[in-house]
Amino acid sequence: MSFSEFDLIRTYFSHATGNRGDVLLGIGDDCALLNPPAGRCLAISIDTLVEGRHFLPEVDPAALGHKALAVNLSDLAAMGAEPAWATLAITLPTVDEVWLRAFVDGFAQLAAAHDVQLVGGDTTRGPLSITVQVHGFVDPALALRRSGGRAGDRLFVSGTVGDAALALQRLRDNAAHGTEDACLLARLDRPTPRVALGRLLTGRANAAIDVSDGLAADLRHICEASGVAARVDLSRLPVSPAVAAACDRGDWHCALAGGDDYELLFSVGADQVDAVLAACGAAGEPVQEIGSLVDEEGIALVYPDGRVSKEIPDGFDHFRT
């Protein structure tokens, strides 16, 4: 069957997600008409995934659909925003109906989990590339920012770090096999955006960022925006057994600089720590204290043997990596 651009839109995208009451007009016109709630501001983020740069050609298309939305939802989580709408611009080399149906299913399942409606976008022909923009709502007085950290704040990170980077490393080395690698690969291909945790942290955390470029690099962003430094106890990093084994061998790259974790790194005032831990525990959100913000210079990494280093590994950067 020969598909036109508009056939693709009608067949795969027009009804891919559920309908929200605040969408006055969605897919099918020149623009979407959206009705944000009074008293809340829009949080907007956009990310592009390019084949060969952000994902391997043989990736499961359903996982790719999930990830394309997840990485954007993670940005909303870092601001404490409630997801609402998304747009999708996809460039396809050909129309592969089996691939496209799986991609849309992966995208739509995650959208349904977070009550996100796809409200527009674009389809073009060319090398495979996927751009998603998300829109969410947040109270402007409570929105989490990178710039709110203060010396004396305690540092926390959710989930585990380094799994996605280790999975990619093993794939590139053709060394991935077994149950452990399947778990690592799931962390790479189907990251969990910590939306609920981000919303829980509004009014409680002082600064936050999602860990997309590597823990050390993203911590540097908080420090620079907040005008503070940091001290990190590496023995307290939450890591899986596979990543812990690499760290024990002296290889800290995946844990500190691998990227693609999409966990939340955040700082909390000392007087709020007990309340935050109680709230996270009650909500089933795993978080681990890893250090503190300090009134010094740079970031100090305290290794398990007591060695302190200010040599910080670079994270992912499109034009330097």
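Values below: all heavy atoms of this structure, side chains included; hydrogens, waters and symmetry mates excluded. Residue indices begin at 1 and follow the sequence shown. Remember, predicted model here, so these are calculated numbers, not experimental data.
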*Would you say Leu277 and Ile290 are hydrophobically clustered, going by side-chain heavy atoms of ILVMFWY under 4.5 Å?*
no
_Heavy-atom closest pair, residues Ala216 and Ile312_ = CB-CG2, 3.5 Å
_Arg40 atom CZ: more than 12 heavy-atom contacts under 6.0 Å_ = yes
*asked:* Go through it in stages, so that I can follow the logic: the residues are Ser292 and Leu155, the test is side chain to side chain contact (heavy atoms under 4.5 Å, CB included), and I'd like the CA-CA distance, side-chain angles, deciding distance and then a yes or no.
replied: CA-CA 5 Å; Ser292 59; Leu155 277 172; 5.7 Å; no
*Check: Thr94/Asp96 side-chain N/O donor and acceptor closer than 3.5 Å*: no
*Could you pull out the closest heavy-atom pair between Ile209 and His221, with the gap in Å?*
CD1-CB, 3.7 Å
*Under 3.5 Å, is there a donor-acceptor pair between the side chain of Arg125 and the main chain of Pro93?*
yes
*Would you name the heavy atoms of Leu144 and Ala78 that are closest together and state the gap between them?*
CB-O, 3.3 Å
*Taking a hydrophobic cluster as the set of Ile, Leu, Val, Met, Phe, Trp and Tyr residues connected by side-chain heavy atoms closer than 4.5 Å, whether directly or through intermediates, do Phe13 and Leu110 fall within one such cluster?*
yes
*Measure the shortest side-chain to side-chain distance between Phe103 and Asp60 over non-hydrogen atoms and say whether it is less than 4.5 angstrom.*
no
*Taking all heavy atoms of Pro140 and all of Gly39, pick out the closest pair and write down the distance.*
CD-O, 3.6 Å
_Enclosure of Asp274 CG (heavy-atom neighbours >12, cutoff 6.0 Å)_ = no
*Looking at side-chain heavy atoms only, is the closest gap between Arg187 and Thr160 below 4.5 Å?*
yes
*Glu82 vs Val195 side-chain heavy atoms within contact, under 4.5 Å*: no
*Heavy-atom closest pair, residues Ala229 and Cys223*: C-SG, 3.8 Å
*Using a strict cut-off of less than 4.0 Å between a Lys/Arg side-chain nitrogen and an Asp/Glu carboxylate oxygen, indicate whether Arg194 and Asp261 qualify as a salt bridge.*
no
*What is the distance from atom OG of Ser240 to atom CG of Leu166, rounded to the nearest 0.5 Å?*
7.0 Å
*Asn206 and Ser267 side chains, donor-acceptor separation under 3.5 Å*: no
_Ala62 backbone acceptor or donor facing Lys67 side chain under 3.5 Å_ = no
_Distance (rounded to the nearest 0.5 Å) between His66 NE2 and Arg190 CZ_ = 6.0 Å
_OG1 on Thr131 to CD1 on Ile90, rounded to 0.5 Å_ = 9.5 Å
_What verdict does the side chain to side chain contact (heavy atoms under 4.5 Å, CB included) test give for Thr17 and Val116, after you've listed the backbone C-alpha separation in whole Å, the side-chain angles of each residue and the deciding distance to 0.1 Å?_
CA-CA 7 Å; Thr17 58; Val116 171; 5.9 Å; no
*asked:* Closer than 4.0 angstrom, basic N to acidic O: yes or no for Asp181 and Arg170?
replied: yes
_I'd like to know if Ile299 and Val161 are part of one continuous hydrophobic network [Ile/Leu/Val/Met/Phe/Trp/Tyr, side-chain heavy atoms within less than 4.5 Å]._
yes
*Taking the side chain as every heavy atom from C-beta outward, state whether Arg231 and Val302 have any pair of such atoms under 4.5 Å apart.*
yes
*Assess the side chains of Ser129 and Thr91: does a donor N or O sit below 3.5 Å from an acceptor N or O?*
no
*asked:* Grouping I, L, V, M, F, W and Y whenever their side-chain heavy atoms are under 4.5 Å apart, do Leu118 and Val132 come out in a common cluster?
replied: yes
*Ion pair present between Arg20 and Asp115, side-chain N to carboxylate O less than 4.0 angstrom?*
yes
*Do Arg220 and Glu224 come within less than 4.5 Å of each other through their side chains, counting heavy atoms only?*
yes
*So, Glu285 and Arg199, do they make that salt bridge, N to O below 4.0 Å?*
no
*asked:* If we ignore hydrogens and angles and just use 3.5 Å, is the side chain of Ser226 paired with the main-chain N or O of Gly149 as donor and acceptor?
replied: yes
*Any side-chain heavy-atom pair from Ser212 and Tyr262 closer than 4.5 angstrom?*
yes
_Strictly by ring pair (Phe, Tyr, Trp, His ring centres under 6.0 Å), give each pair with a member in residues 148-173 just once, sequence neighbours left out._
Phe156-Phe266
*What is the minimum heavy-atom distance between Asp218 and Val211, and which atoms define it?*
OD2-CA, 3.3 Å
*State plainly whether one hydrophobic cluster holds both Val95 and Ile9, where clusters connect Ile, Leu, Val, Met, Phe, Trp and Tyr through side-chain heavy atoms under 4.5 angstrom apart.*
yes
*Does a sphere of radius 6.0 Å around CG in Asp295 hold more than 12 heavy atoms from other residues, nucleotides or ligands, not counting ones at 6.0 Å or beyond?*
no
*Evaluate the side-chain proximity of Tyr303 to Ser309: yes if any heavy-atom separation is below 4.5 Å, no if none is.*
yes
*asked:* Go through it in stages, so that I can follow the logic: the residues are Leu25 and Val23, the test is side chain to side chain contact (heavy atoms under 4.5 Å, CB included), and I'd like the CA-CA distance, side-chain angles, deciding distance and then a yes or no.
replied: CA-CA 6 Å; Leu25 181 63; Val23 177; 5.9 Å; no
*Would Asp22 and Leu34 satisfy side chain to side chain contact (heavy atoms under 4.5 Å, CB included), going step by step from the backbone distance to the final call?*
CA-CA 6 Å; Asp22 49 21; Leu34 309 171; over 6 Å; no
*Hey, could you give me the CG/CG distance between Leu265 and Asp210, rounded to the nearest 0.5 Å?*
9.5 Å
_Using 0.5 Å steps for rounding, measure from the CG atom of Leu215 to the CG atom of Leu237._
6.0 Å
*Heavy atoms, side chains only, cut-off 4.5 Å: are Leu234 and Trp252 in contact?*
yes
*asked:* To the nearest 0.5 Å, what is the distance between CG on Leu200 and CG on Leu264?
replied: 10.5 Å
